[in-house]
Q: 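Before I ask anything, here is the structure I am working with.
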Amino acid sequence: FFSFISLPPPMSVSGKTIVFTGTLKMKRDDAKTQAEAAGAKVTGSVSANTDILVCGQGVGAKKTDDARKKGVEVWTEDQFTAA
């Protein structure tokens with residue numbers, strides 16, 4: 001008898017609006033190109049229309065708290081690159 005573990009579906013950025021903030025490991029232009037190639041729209045600031053805030057190093061708690069209050073998912077850069 002085999003038991004299967006249910007894994008969450010892979011994260012996808014297709015159709016999502018993304019904002020990058022903080023110091024990223026990759027070049028910001030490369031991150032934007034990767035997101036757009038996966039079907040995301042990249043904008044420069046968080047709004048009610050933003051789906052995902054991708055945070056690099058040095059992001060303040062105020063920015064992530066504000067994003068969460070607007071219902072925005074907050075991801076690390078590693079989560080983004082794995083998506």
Side-chain angles (χ1 to χ4, degrees):
F1 177 78
F2 292 96
S3 176
F4 293 94
I5 298 172
S6 177
L7 298 175
M11 295 182 286
S12 174
V13 297
S14 180
K16 305 281 182 157
T17 299
I18 297 178
V19 174
F20 293 99
T21 190
T23 303
L24 302 175
K25 296 177 215 169
M26 68 173 73
K27 292 180 182 176
R28 198 168 293 263
D29 285 344
D30 292 344
K32 181 178 179 182
T33 300
Q34 181 178 337
E36 289 173 343
K41 176 182 174 184
V42 179
T43 62
S45 61
V46 174
S47 73
N49 296 323
T50 304
D51 296 300
I52 302 167
L53 176 66
V54 178
C55 299
Q57 296 294 317
V59 177
K62 182 179 182 335
K63 189 162 206 168
T64 57
D65 288 346
D66 287 347
R68 285 188 178 105
K69 286 177 186 173
K70 293 178 180 175
V72 176
E73 292 181 46
V74 178
W75 289 11
T76 64
E77 183 178 357
D78 291 336
Q79 287 174 299
F80 167 72
T81 55

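None of the values given here were measured: they were computed from a predicted structure. When a residue number appears, it is its place in the shown sequence, counting from 1. Only this structure's heavy atoms are used, side chains among them; waters, hydrogens and symmetry mates stay out.
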Q: What's the separation between atom NZ in K41 and atom NZ in K32, rounded to the nearest 0.5 Å?
A: 11.0 Å
Q: So do the side chains of D78 and K25 get within less than 4.5 Å of each other, counting heavy atoms only?
A: yes
Q: Minimum heavy-atom separation for I18 to A35, with atom names?
A: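 For I18 versus A35, the nearest heavy atoms are CD1-CB, 4.2 Å.
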Q: How close do V74 and A67 get, heavy atom to heavy atom, and via which atoms?
A: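 For V74 and A67, the tightest heavy-atom pair comes out as CG2-CB, 4.3 Å.
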Q: Kindly indicate whether the side chain of M26, heavy atoms from C-beta on, has any atom under 4.5 Å from the side chain of T81.
A: yes
Q: Which pair of heavy atoms, one from W75 and one from A83, lies closest together, and at what distance?
A: CZ3-CB, 3.8 Å
Q: Report, as yes or no, whether the 6.0 Å neighbourhood of atom CG on D65 holds more than 12 heavy atoms from other residues, nucleotides or ligands.
A: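 Check passes, neighbour count above 12.
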Q: Are any non-hydrogen side-chain atoms of L24 and F80 less than 4.5 angstrom apart?
A: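 No, every pair of side-chain atoms sits at 4.5 Å or beyond.
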Q: Could you tell me which non-hydrogen atom of T64 sits nearest to which non-hydrogen atom of C55, and how far apart they are?
A: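 What the structure gives for the nearest pair is CG2-SG, 3.8 Å.
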Q: Could you check whether D66 pairs with K70 (Lys NZ or Arg NE/NH1/NH2 to Asp/Glu carboxylate O, under 4.0 Å)?
A: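 Salt bridge absent between D66 and K70.
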Q: Under a 3.5 Å distance rule, please check whether E36 uses its side chain to pair with a backbone N or O of T33 as donor and acceptor.
A: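 No; zero donor-acceptor contacts below 3.5 Å.
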Q: Taking all atoms of both residues into account, what is the closest heavy-atom pair of R28 and T21, and its distance?
A: NH1-N, 3.7 Å
Q: Are V42 and V13 connected in the hydrophobic side-chain network, where two residues link if heavy atoms are under 4.5 Å apart?
A: yes
Q: What are the two closest heavy atoms between V72 and T50, and how far apart are they?
A: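 For V72 versus T50, the nearest heavy atoms are CG2-O, 3.3 Å.
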Q: Supply the atom-to-atom distance Q79 CD to I52 CD1, rounded to the nearest 0.5 angstrom.
A: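 One finds 9.5 Å between CD of Q79 and CD1 of I52.
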